[in-house]
Every structure is written in C-alpha cells, then in structure tokens.
Amino acid sequence: MRIDVLTIFPDYLAPLELSLAGKARDRGLIDIRVHDLRDWTRDRHRTVDDTPYGGGAGMVMKPEPWGEAFDTLLDDGDVEGATVVFTTPSGQPFTQAVARELASKGRLIFACGRYEGIDQRVIDEVSTRAEVREISLGDYVLNGGEVAALAITEAVVRLVPGFMGNAASLVEESHTLSDSGASLLEYPVYTKPASWRDREVPPVLLSGDHAAIATWRHDQAVRRTAERRPDLVHGSVLLDDVQVRPAE
Ligand SMILES: NC(=S)c1ccno1
C-alpha cells in the first residue's frame, strides 16, 4: 500500500517514521510519502489561505495549491484504486469497520486541512478523479487534520496483510465482530504474577480449559460492551450472544 499525506506541517507526520508503520515501510509493506502543500504555491510568501467568501472568522485554504498538488499526485500513474481521505470534523466517523475498508485500498492520499477548512471546490473537483472519503476522528475540533491522518494511518496499516507478526492478535481486539456480527470491546487481559497486591487472576484463566476460557472471555467482552458502549448493542443481537450477568 502507498500512502501520501498532503499537509502544511510535514514534520507533524514524523511519528510515522518511529512507529510500527516505519517498520512496515522498511519491510516494503507500505510506501509512505509526506508532501508539503506549500511546494505547490507560486508566491514568494507560499500562501495557502485567504479570507472566507461570505465573511466570518478565520481563514479558508485556497484551492490553487491543493489543485496543483492533486494534479501531481493523481497524474503520477499510480492512481488506480487511489482513495483520497479528507480528515475533517464534518466527515463520517472513523471506526474499525472504516479502517478495514481503507486497508483494502491500493493507495491512500490524506489531505490534511487547517484553518476553517479547504475550499469546497477542491473536494468537488477531486471527487471527479478519485474516490473521496471525508472522515472524522471524533466529534471534536482539532487545529488540523494531521493528528487524524496519523491515527487513521496507524489503524489502517496494522490491518495490512503481513504487517502484524501475529495476525491472530487482530482477531481478538476491540471492535472485532462477534459471530452474530456485533462489534465487541476486548475482554480484560492478565499476565504473571498470578497474585499481585492481593489481586488474583480469574481462576478460569489458569484452568487450562480452553472452552471455558473462550466462554469467559466472550462473556466479559459482551458485558464490557453492554456496560460501556450500549450504542454498539444492536437490539437483542448482542445479548443473544450470552446472558449478560451483573458485574461480579
Ligand atoms: N475531528 C477531526 S478529524 C478534525 C480535523 C480537524 N479538526 O477536527
């Protein structure tokens, strides 16, 4: 997978060098390229914003630099299957399901807006040339889209086949789907020592009874989901999975 990031703060994406994404790049699994939007400005001040038509506070990102940047990135022959992601608070919520969708793409191009946003004509024009997704990290406003691009990149890259050394660990993490299709939070996890500050590991986990352990873990995931994320509980589907007993 190739990932391009367009931003006026390229150094903001430096953590991609450090994290697992950096290792994946070293292994040739992903090709990450960060681009400074100002490289497509034409004035000596490298201007990327201007006042909003219709008035109002703040500044809007000018269409010209974005248009020329996308001309470069979408005309480099590597456009097939490219998806352009605008990270914006007005986008669709980013979820694990969206991460799975994006992980199946051949190429992602992140457009990180700043100020009050990017001139709408940029989104409209790019939509005629590639698949466009406007995605929000959450219902809050950041100073720009870079943090969202980092988070989405991390969530997506770890799903790319071959990225995680132990693919099995992807199966039992939060927001995977249960047999009934419900999105479950991960069950609580424990490791040595078996007793710590008079707190014991649940005995079932020491029993060696794999069926009982699987049942306990699923029960815990369902209970945790029902308690913390009732919004993920679709009718009785989730509760049909298991009788949710009151917390012990
Ligand atoms: N919530 C998101 S993705 C965002 C981008 C810029 N500000 O907020």
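Whatever order the structure lists ligands and atoms in, that order sets their numbers, starting from 1. Owing to the predicted nature of the structure, the values given are computational and were not obtained by experimental measurement.
Looking only at side-chain heavy atoms (C-beta outward), Leu37 and Met61 come within less than 4.5 Å of each other. Within the 4.5 Å cutoff, no side-chain heavy atoms of Leu6 are placed close to those of Phe110. In this structure, Tyr115 and Val48 have side chains that are in contact, with non-hydrogen atoms separated by less than 4.5 Å.
The protein atom (non-hydrogen) at minimum distance from atom 3 (S) of ligand 1 is Leu137 N, 3.1 Å. Protein heavy atom closest to atom 2 (C) of ligand 1, with residue, atom name and distance, is Pro89 N, 3.7 Å.
By the 4.0 Å N-to-carboxylate-O rule, Arg2 lies close enough to Asp4 to be salt-bridged with it.
Close approach to Ala148 involves these atoms of ligand 1, each under 4.0 Å from a residue heavy atom: 3 (S). Near Tyr140, meaning under 4.0 Å from any of its heavy atoms, are these atoms of ligand 1: 1 (N), 8 (O). Short contacts between ligand 1 and Gly144, defined as distances under 4.0 Å to a heavy atom of the residue, involve ligand atoms 5 (C), 6 (C).
In this structure a side-chain-to-backbone donor-acceptor pair under 3.5 Å is missing from Thr47 to Asp49. At distances below 3.5 Å, not a single donor-acceptor pair connects side-chain atoms of Arg107 with backbone N or O atoms of Met1.
Polar contact with ligand 1: absent for Thr87 (N/O pair, distance under 3.5 Å). For a threshold of 3.5 Å applied to N or O pairs, the pair formed by Leu142 and ligand 1 contains at least one separation below that value. Considering backbone and side-chain N/O of Gly138, one or more are found under 3.5 Å from N/O of ligand 1.
Contacts with ligand 1 closer than 4.0 Å are made by heavy atoms of both the backbone and the side chain of Ser136.
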For Glu134 and Thr88, run side-chain hydrogen bond (donor to acceptor under 3.5 Å, both in side chains): C-alpha distance rounded to whole Å, both residues' side-chain angles, the deciding distance at 0.1 Å, then the answer. CA-CA 6 Å; Glu134 295 185 73; Thr88 168; 5.2 Å; no
